[in-house]
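Single-structure report; data block below.
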Amino acid sequence: MPRIIDLLRDGVPNDRAIAQGWVRTKREGKGVTFLELNDGSCLSSLQVVADNQNFDEVLLKQITTGASLRVKGLLVASLGKGQRIEIQAQDIEVFGTADPETYPLQKKRHSFEFLREVAHLRSRTNTFGAVFRVRNACSFAIHKFFQERGFIWVHTPIITNSDCEGAGEMFAVTGLDLPKLATAGKAIDYSQDFFGKPTFLTVSGQLEAEVMATAFTNVYTFAPTFRAENSNTSRHLAEFWMIEPEMAFCDLEGNADLAEEFLKYIFSYVLEHCPEDMAFFQERISDRVMPNAQKIINEEFQRITYTEAVEILQKSKQSFEFPVQWGLDLQSEHERYLAEVHFQKPVIVMDYPAGIKAFYMRLDDDAQSDRPTVRAMDILVPGIGEIIGGSQREERLEVLEARIKAIGQNPEDYWWYLDLRRYGTVPHSGFGLGFERLVQFMTGMGNIRDVIPFPRSPLNADF
Ligand code: ATP
Ligand code: MN
């Protein structure tokens with residue numbers, strides 16, 4: 001059966017049609033009732049015109065905002081502005097009513113904070129409808145981009161015992177009856193646990209993606225990741241989706257090239273396939289949405305080194321909250337200054353100090369200098385700051401072993417990861433993109449909790 005998007009686009013006056021959906025609004029005219037019916041297929045609703053004398057009064061009363069209906073009727077040209085076609089109802093079936101006394105989504109505008117408390121219903125609003133359609137289009141475009149280029153989608157484990165160099169605080173996974181142990185006053189013995197050792201929800205699929213890249217050359221993950229970071233920010237979730245491509249025979253420049261091509265592709269795809277939703281964000285959420293998207297698509301990303309970034313920040317005479325000094329990590333305010341104010345476009349910062357980056361990032365040739373750097377890159381965008389973090393990986397066995405030791409870890413714990421360097425090692429690179437950060441940037445939504453249907457954040461795991 002055609003959806004409302006099809007009727008609005010292809011419907012011709014005098015066609016018979018059936019439309020099903022939920023009532024967004026109801027308006028009374030002279031002897032007629034006007035309904036806006038939405039089925040989630042697009043932002044626009046289909047206007048239903050019901051001649052009151054053709055319908056039972058009781059039935060008409062049942063129809064209020066939130067009710068679900070099937071309408072049969074005739075399509076007619078619409079006189080109302082903003083719509084080409086509407087449906088003249090001949091038969092209306094009410095599936096479910098929605099008591100206006102209690103149904104939370106009434107006509108007035110609701111705050112996003114309030115809508116988070118009714119996350120099971122918020123997808124029926126214009127904003128969340130648009131967000132989740134764009135999220136869907138992004139997901140599809142991501143797979144399309146990689147599949148067109150011969151990348152293999154690999155599934156990396158959710159339960160893991162490696163902590164990916166502490167990319168974030170981890171959630172423990174256990175089969176032990178902890179309350180029982182506590183009551184009995186017993187210590188936790190992980191050898192008695194399900195896996196015989198401590199396990200966690202993964203914070204990143206990178207290490208396993210590297211395994212797969214050294215067999216398939218080009219792979220990507222697209223999966224949930226979990227971080228128990230107790231930071232109540234507008235850009236952190238406890239459960240979020242990550243995209244992590246990993247490429248063998250690829251250096252940092254190749255990595256940056258792919259990341260730039262990737263972002264351009266995703267934005268072009270979404271602009272082409274969700275023009276109505278994107279126009280809505282531009283008009284109702286942020287007037288930076290379209291300019292940002294155009295910049296991503298049309299402008300070459302600025303590439304600078306970390307050292308250059310520090311110089312720019314120091315010369316800027318801005319009063320930042322956090323200090324700018326070679327060897328310290330860039331904070332969000334610094335990242336945003338670079339992308340928003342200084343370059344006014346996406347910026348790729350490369351070659352970070354080794355001391356602030358992960359052990360697996362490849363040491364640069366300046367390793368012997370007093371300011372050694374690693375082949376890391378972050379992509380910064382206006383409004384958000386970091387959206388992508390990536391690196392060329394250390395492929396030299398001895399160097400990698402030494403770095404693991406230097407951070408106080410035991411190389412034996414990384415035996416299989418080191419085997420990749422022991423057998424057929426190859427230069428390789430990859431990056432991680434937080435999917436919700438991408439959707440946030442694309443839609444202009446201020447809070448990351450509003451771009452995932454069921455957000456998980458400190459003290460919030462409802463729905
Ligand atoms: P940040 O400094 O913003 O916390 P990070 O350095 O911890 O990010 P990475 O470990 O490099 O991030 O993870 C790769 C990408 O995953 C980031 O660029 C970001 O887009 C996303 N990301 C990281 N943490 C979160 C989170 N808690 N919620 C949503 N997305 C996240
Ligand atoms: Mn983090």
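Remember, it's 1-based here, ligands and their atoms both numbered in the order they're listed. These figures come from a predicted structure and were not determined experimentally.
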inquiry  = For F262 together with F145, are the ring centres under 6.0 Å from each other?
reply    =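 Yes; F262 has its ring centre under 6.0 Å from that of F145.
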key: Ring center gap for F226 and F171 short of 6.0 angstrom   =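 No.
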query = Under a heavy-atom criterion of less than 4.0 Å, does E229 contact ligand 1?
reply =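 Yes; E229 lies near enough to ligand 1 that a heavy-atom distance drops under 4.0 Å.
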message = Using heavy atoms and a 4.0 Å limit, tell me yes or no: is I448 in contact with ligand 1?
response = yes
Would you mind listing which atoms of ligand 1 come within a distance below 4.0 Å of any non-hydrogen atom of [X]?
X: I387; value: 18 (O), 20 (O)
X: R235; value: 3 (O), 28 (N), 29 (C)
X: G389; value: 18 (O)

ask   = What do you reckon, does L433 have a nitrogen or oxygen under 3.5 Å from a nitrogen or oxygen of ligand 1?
value = no
query = Counting N and O atoms only, with roles assigned by atom type, does the side chain of E333 sit under 3.5 Å from a partner on the main chain of E321, one being a donor and the other an acceptor?
reply =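 Answer holds: yes.
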ask   = What pairs with F343 under ring-ring contact (aromatic ring centres under 6.0 Å, His included), at least two apart in sequence or on another chain?
value =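 Not a single residue meets the ring-ring contact (aromatic ring centres under 6.0 Å, His included) criterion with F343.
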task = Would you kindly specify which portion of M242 sits under 4.0 Å from ligand 1, judged on non-hydrogen atoms: side chain, backbone, both or neither?
result =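 Contact part for M242 vs ligand 1: side chain (C-beta onward).
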message = Heavy-atom pairs closer than 4.0 Å: do any link ligand 1 to the side chain of H236, the backbone, both, or neither?
response =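 Both backbone and side chain.
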request  = Measure up the F222 and F435 rings against each other and bin them: parallel (under 30°), tilted (30 to 60°), perpendicular (over 60°).
outcome  = perpendicular
key: Partners passing side-chain hydrogen bond (donor to acceptor under 3.5 Å, both in side chains) against Q20 (at least two apart in sequence or in another chain)   =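 Here the qualifying residues are R70.
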